Amino acid sequence: MVRKKTRRTFLKKIMGSFLTVLGISSGGYYYANRIEPSLLELNELEIKHRLIPKGLEGLRIIQFSDTHLGFQYDLSQFKKLVSKINQLKPDIILFTGDLMDEPNKYTKLNDLVPILNNLHAPLGKYCIFGNHDHGGYGSEIYRNIMESTNFKVLLNQSVKIKLKDGSRFYLIGIDDAMLGNPDLPLALKNVPNNHFNLLLSHAPDLAETAAQYPIHWQLSGHSHGGQVKLPILGALIMPPFAQRYPEGLYKIEGKYSLNLYVNRGIGTTRLPFRFMAKPELTIFTLKSSSFT
Ligand SMILES: [Fe+2]
């Protein structure tokens, strides 16, 4: 306990110094406040697994996360992101939570609807709840806006993604670990164990629990990649349930073996800065493999 406190104090001091340095150096402040938050990194990954049938080879899935509209990120930026996503021609679009920073205070819902409606994916648009989507009694606001723009909200439930030739996989969505009620057994109720299973969980740290179930890949957000990072020390502030897996790809061993991918998200929260944690869009391509 004492060690934890000392570490927290230490990190607070470092964070304070970082912000002081940013404040002193107007270039640094400008970069972290205006430049880096508006950059976008495109990461492309293959999802290989022996349970992915040949018929699903080449299927393109785009994940975006943590837009936090209304804090620093605005609708004109989101409109550009939506065009970018459409240009990439995804088969499926996934949103892994935290759409608005404060749903109950967000005043531009009417302008947000046509932008979300403009996202196109022939095999569907799916989303889950993040902690900010529940915060301030925002749950129904979030659910309504996503459902009215043709997103299927996966709240402790699954959906079968099936092509005309019969090849399929299962997409599972779990409630947020911080402010919701995640229930993996309920979410997996209709999922057979002989197909590829892809889990969406806002909170990355849930992967350790998910590895106890027949889930092959998990896609998460929530961490913002630390949002502000320092060389060597790495991410300084990690929210609860994003303490262990800040960004990128991890292999989690449990009863089953799980691949976890953590997307750094798009927007910011609490502090209007990103430093060494660029906004990210991730494109996954499915591949059949005889080994994994
Ligand atoms: Fe977030």
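Remember, it's a predicted structure, so these values are computed and weren't measured experimentally. Computed over heavy atoms, backbone and side chain alike; hydrogens, waters and symmetry mates excluded. Every number for a ligand or one of its atoms is a count from 1 in the order of the listing. For reference, positions follow the sequence shown, starting with 1.
Protein N/O/S atoms closer than 2.8 Å to the Fe ion (ligand 1), listed by chain and residue number, are Asp66 OD2, His68 NE2, Asp98 OD2, His224 NE2.
Among residues at least two apart or in separate chains, ring-ring contact (aromatic ring centres under 6.0 Å, His included) pairs with a member in residues 76-124 are Phe64-Phe95.
Under the 3.5 Å distance criterion, the side-chain polar atoms of Lys108 are left unmatched by any main-chain donor or acceptor of Asp74.
If you take CZ on Phe71 and CZ on Arg270, they are separated by 9.5 Å, rounding to the nearest 0.5 Å. In this structure, CD in Gln63 is found 9.0 Å from CG in Leu281, a value given to the nearest 0.5 Å.
Applying the ring-ring contact (aromatic ring centres under 6.0 Å, His included) rule to His68 yields the partners His132, His224; only residues at least two apart in sequence or on another chain are considered. Take Tyr245 and apply the ring-ring contact (aromatic ring centres under 6.0 Å, His included) test, not counting sequence neighbours, and it matches Tyr250.
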